[in-house]
S.K.: 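To start, I am sharing the structure in question, which I have written as structure tokens.
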Amino acid sequence: MEWRNIYRGMIMGIIELVPGISSGTFAVLLGIYERLIAAISGITTRQWKKHILFLIPLVIGMGISIFSFSHLMDWLLENHAKPTFYFFMGLILGILPFLFRTSKARTTFKFRHIVLLIVGILLVNQLQIIPSDETIIVERNFTIYMLLFFSGIIGSAMMLLPGISGSFVLVVLGVYHTIISAIKELEILVIFVVGSGIALGVLVMSKIIDYFFARFRSETFAFVIGLVIGSVFVIFPGWFYTASQFIIYTGLFVFGIGLAYIFGKIEY
């Protein structure tokens, strides 16, 4: 049992609460992305015990963060969205050197890799232009529960792709605030339905990603790097207009890059 995965899971849980940022992106920074995909995919194999022991601390950590920090992230995004997103932009950009190094881009990337990288950037930015007018869904019936279940499947599948935020997809589907409200109010049935959808989506998508990493490793990395770069454009909150904003936003942006560098040094 890798108990260090608890703190890794806590970081990923916090990130997943922020629409526009993927916890998969930070699994890359933490040095566990490929192991995470292989572990989830391997649950249905004969070595399931080994994979479960890797995943349990991660799930515990993510659960702690989601239940502990949902109020805080809600408040930050409601009252201080711009500085919060500048900090996360720094974190994301700080991940890119580790991605390029892990993929050995300098020696392996060719024209097709550049094309895949650009496709990744464009794909993430297509999600940005999808409009969403979301309110909390208060009604509870079979149709609503099915909507929440399939939203969990789709959101979790996207969560595993660096650069595509599961939370952002939930915003697009119009259920993000409903799910966050259910977590804060401890609506057990809603949490169970969404959680079941998340479990199924994660399992299916992990097998797809694992297949591509096994057979097209450098190409998959090129696409992933594109997704990560594209996510910076998705969460960009706009420019600053005053000297104080410049100091605060730039400071948080640089702090985010520095924190990513520290995490990278610790994990690599």
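Counting from 1, the numbers follow the sequence of the chain as shown. All values derive from a computational prediction rather than experimental measurement.
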S.K.: Can a donor-acceptor pair be found, under 3.5 Å and without considering hydrogens, that links the side chain of Ser68 to the backbone of Ser65?
M.R.: no
S.K.: Could you tell me whether a side-chain N or O of Thr178 sits under 3.5 Å from a main-chain N or O of Ile137, the two making a donor and an acceptor?
M.R.: yes
S.K.: Answer yes or no: are there more than 12 heavy-atom neighbours, outside Phe100 itself, under 6.0 Å from its atom CZ?
M.R.: yes
S.K.: Determine the interplanar angle of the His113 and Phe109 rings, folded into 0 to 90°, and report it as parallel if under 30°, tilted if 30 to 60°, perpendicular if over 60°.
M.R.: parallel
S.K.: Side-chain heavy atoms nearer than 4.5 Å, only ILVMFWY residues, links allowed to pass through others: does that put Phe236 and Tyr241 together?
M.R.: no
S.K.: Transitively linked via ILVMFWY side-chain contacts under 4.5 Å: Ile198 with Ile188?
M.R.: no
S.K.: Would you say Asn5's side chain and Phe54's backbone share a donor-acceptor pair under 3.5 angstrom?
M.R.: yes
S.K.: If you look at every heavy atom in Ala27 and Leu36, which pair is closest and at what distance?
M.R.: CB-CD2, 4.1 Å
S.K.: So, does Thr45 use its side chain to make a donor-acceptor pair with the main chain of Gly42 at under 3.5 Å?
M.R.: yes
S.K.: Is the distance from the ring center of Phe221 to that of Phe213 below 6.0 Å?
M.R.: yes
S.K.: Does the pair Glu34/Arg217 count as a salt bridge with the N-to-O cut at 4.0 Å?
M.R.: yes
S.K.: When you look at Ile32 and Met12, which way does the side-chain contact (heavy atoms from CB on, under 4.5 Å) test go after all the steps?
M.R.: CA-CA 11 Å; Ile32 61 169; Met12 291 170 63; 4.2 Å; yes
S.K.: Side chain of Ser151, backbone of Val194: donor and acceptor closer than 3.5 Å?
M.R.: no
S.K.: Any donor-acceptor pair under 3.5 Å linking the side chain of Asn79 with the backbone of Trp75?
M.R.: yes
S.K.: Check whether any side-chain heavy atom of Leu55 sits under 4.5 Å from a side-chain heavy atom of Ile43, and report yes or no.
M.R.: yes
S.K.: Check for me, please, whether Val59 and Met205 land in the same ILVMFWY cluster - side-chain distances under 4.5 Å, paths through other members count.
M.R.: no
S.K.: Taking atom types as modelled and ignoring hydrogens, do the side chains of Ser218 and Lys110 form a donor-acceptor contact shorter than 3.5 angstrom?
M.R.: no
S.K.: Got a donor-acceptor contact below 3.5 angstrom from the Ser103 side chain to the Leu99 backbone?
M.R.: yes
S.K.: Side-chain heavy atoms under 4.5 angstrom apart, residues restricted to Ile, Leu, Val, Met, Phe, Trp, Tyr: same cluster for Phe150 and Ile180?
M.R.: yes
S.K.: Find the distance between OH (Tyr7) and CD1 (Ile64) and round it off to the nearest 0.5 Å.
M.R.: 14.5 Å
S.K.: Has the side chain of Ser181 got a donor or acceptor atom that lies under 3.5 Å from a matching backbone atom of His177?
M.R.: no
S.K.: For residues 75-95, which residue pairs qualify under salt bridge (Lys or Arg N to Asp or Glu O under 4.0 Å), counting only residues two or more places apart or in two chains?
M.R.: none
S.K.: When you measure from the side chain of Thr107 to the backbone N and O of Lys104, does any donor-acceptor pair fall under 3.5 Å?
M.R.: yes
S.K.: Just by distance, do the side chain of Thr220 and the backbone of Phe212 share a donor-acceptor pair under 3.5 Å?
M.R.: yes
S.K.: Are Phe87 and Phe255 an aromatic pair, judged by ring center distance below 6.0 Å?
M.R.: yes
S.K.: If I compare all heavy atoms of Val193 with all of Tyr145, which pair ends up nearest, and what's the gap?
M.R.: CG1-O, 3.2 Å
S.K.: Report the relative orientation of the aromatic rings in Phe253 and Tyr86; use parallel for angles under 30°, tilted for 30 to 60°, perpendicular for over 60°.
M.R.: perpendicular
